[in-house]
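Hydrogens, waters and symmetry mates are skipped; everything else that's a heavy atom, side chains included, is used. Chain letters run A, B, ... following the sequence lines, proteins first and then strands; every chain starts at 1.
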Protein chains: 2
Amino acid sequence: MNKRPQKTVTALDAITADLVAVLVAVTDGQPRIMTIEHAAALPSGPFQFGHRSLQTGLRAWVEAQTGHPLGYVEQLYTFADRGRSGDPDAPHRISISYLGLTREEEGREGADAQWSSWYDYFPWEDHRDGPPAILAKIIAPKLKAWARSAEQPALQKTRWRRAAITFGVDGHEWNEELALQRYELLYEAALIAESVREKGGEGVVPGRAMRGDHRRILATGIARLRAKIKYRPVVFELMPDEFTLLQLQRSVEALAGRLVHKQNFRRLIEQQDLVEETGAMAADTIGRPAKLFRFRQGVLAERAVVGTKLPLSRT
Amino acid sequence: MNKRPQKTVTALDAITADLVAVLVAVTDGQPRIMTIEHAAALPSGPFQFGHRSLQTGLRAWVEAQTGHPLGYVEQLYTFADRGRSGDPDAPHRISISYLGLTREEEGREGADAQWSSWYDYFPWEDHRDGPPAILAKIIAPKLKAWARSAEQPALQKTRWRRAAITFGVDGHEWNEELALQRYELLYEAALIAESVREKGGEGVVPGRAMRGDHRRILATGIARLRAKIKYRPVVFELMPDEFTLLQLQRSVEALAGRLVHKQNFRRLIEQQDLVEETGAMAADTIGRPAKLFRFRQGVLAERAVVGTKLPLSRT
DNA sequence: CAGATTATGCTCAAGGAGAGTATAAATGGC
DNA sequence: GCCATTTATACTCTCCTTGAGCATAATCTG
């Protein structure tokens, strides 16, 4: 892959950079992410000399590891940690993470690559059937215990307040965009396998762990995507060429982790001229057949800049 | 600064990372940024072995170069470019940029550090007195010429459409959040000194240039801040402890580059319980003296998570 | 045909945003 | 002291958006 001769870089400031992808698709109304290493890591690899740009490098790694091409991509965040590796003499290692959106394509996964529901990693994030049971039964009590474990009463109060706001308990409303804050709070409270490894502690909360800080990166991607679908027409990247409005709605709901008022959803989609009828109707459906739609190519150019709106109701 | 022994890293994948800060303050109703090298560069320096984290490194560099402490900080974007350096054998160099918000403090600048108005670099971004003259007189015609210079009619149309949308001409509305897209469009059209250096061309648009891609980074910071003030109470970081509502409004306007309806602004600020009266009145003012306000500390915790609203009207 | 299920059209009330009017409280010049 | 000027502050009004519900249409299953 590298045609250049090997170079020796003599520098205090030399570091290595990893490229990490949160590659999202929605299939059968479930938000799914591409994983490797038996669903315990995100597609990733070092930024190398031969890569022309960060995105090029990322695309190369994802395609090599998963056989799946990368479509729409946007940068998420850059993390740095020497602490994790344990060795204080180790050079800095930074991770540059990206969010990618695609459609699942049959039989293109690499040996070790597979799609997994993102709710496997964050079971408390799915509120489509109402607040999940683990929230009240497991998470809230553990967070309360964590808050109480603080020395000073003031800190106890601050902790619980923060927990209540981010998790939407104790009179506060659930806010699906706070996925990252929730993960970080659980991490801080040592209720996450990844932080227990580091800090010690026991009794983690349900949810599949990942290697390194990949789960944090995934949380970052979820939060970003949940915020973004509301004002940028990015759902498009996840849909097939033709779809019904209900399918579109289900995709949005899958990502947001909450339900949407059907009639209002249609109203908003239609009044924004985002879609046009194909003329055909959906086949093989229960109930009244629905019209098929496609996204209007023309609008995409302007909307990519200007924006869109999506309703996310509370029922 | 580095206590560790020098290490030799032998690796294809070794790279160097720069930390770059867009440090913003608002003084006398003007948005200002901290610069070095005679206002031609942003505070920046390499991420080094001795830095415990990215933010630590950034703080170290900014304080060393400018003597000014760094308050609120958030990450902006990570760029990579070998192309710029010219040497194809050079290792990758990435820039990790941050947005910082502070208050100007007297006489703390380093030798080569100074505050400059950000509109010196982007004169077309200030719409507080209506659309600036250079937009219609210089920029629009040049962009039109660029659009016309395309081979295919379809491309001509696409180019002009894009220009019209991002610059709010030809019937489109001005959108202050598109600062980065505007810079990138001008760059692509070779109307920016930095791109002329690279691509050749002549007849750039007014506006001070910067070293490397610092002006792009600044545009990124402006766009991010303009988007953020609307839903997160970040203006707080830029205000003195006590202020009048008009001063607060002027700060928002300085950042947004557009005016706000006064009465509606007050209504929104007050109904959100963001501020409280100090009891004192502003002294040394023309006209009826205004009440002094301060931000409510308590709210900050929740709002930092939940959000705020600001009105940005079109008049 | 009844019941279930989804699609689609329409209405309504509450709240928010944009914009304007009116009045109050200072200053400086004469 | 009066007036023009400037800023502060209180209300009002209208339009649009949003959340929510009702009603009807078009299918399939048994």
Each nucleotide N or O in nucleotides 8-12 of chain D that has a protein N or O under 3.5 Å away: list the pair and distance.
| unit_1 | atom_1 | unit_2 | atom_2 | d |
| --- | --- | --- | --- | --- |
| D:dA8 | OP2 | B:K262 | NZ | 2.9 |
| D:dA8 | N3 | B:R288 | NH1 | 3.3 |
| D:dT9 | OP1 | B:K291 | N | 3.4 |
| D:dT9 | OP2 | B:R266 | NH2 | 2.2 |
| D:dT9 | O5' | B:R266 | NH2 | 3.4 |
| D:dA10 | N6 | B:Q263 | NE2 | 3.4 |

Next item on the list: Measure up the B:W115 and B:H68 rings against each other and bin them: parallel (under 30°), tilted (30 to 60°), perpendicular (over 60°).
Entry: perpendicular
Check: Could you state the NE2-P distance from A:H261 to D:dT18, rounded to the nearest angstrom?
Finding: 13 Å
Check: Do B:H261 and B:R266 have side-chain heavy atoms sitting under 4.5 Å apart?
Finding: no
Checklist line | Whole-Å distance separating the CG atom of A:L248 from the P atom of C:dA7 | finding: 12 Å
Notebook entry, point to check: For the residue pair A:W174 and A:H127, does the interplanar ring angle fall in the parallel (under 30°), tilted (30 to 60°) or perpendicular (over 60°) class?
Noted result: parallel
Checklist line | Separation of atom CG in A:L268 from atom P in D:dA20, rounded to whole Å | finding: 14 Å
Check: Which whole-number value in Å describes the distance from A:Q272 CD to D:dT17 P?
Finding: 10 Å
Margin query: Between B:Q181 and B:Y183, is the side chain to side chain donor-acceptor pair (under 3.5 Å) condition met? List the steps.
Written below: CA-CA 5 Å; B:Q181 282 97 321; B:Y183 178 82; over 6 Å; no
Check: What pairs with B:T27 under side-chain hydrogen bond (donor to acceptor under 3.5 Å, both in side chains), at least two apart in sequence or on another chain?
Finding: B:E104
Next item on the list: Using atom CD of A:Q249 as one end and atom P of C:dT8 as the other, report the distance to the nearest whole Å.
Entry: 12 Å
Note to self: Among B:F293, B:F236, B:F295, which residue satisfies the ring pair (Phe, Tyr, Trp, His ring centres under 6.0 Å) criterion with B:F243?
What the structure shows: B:F295
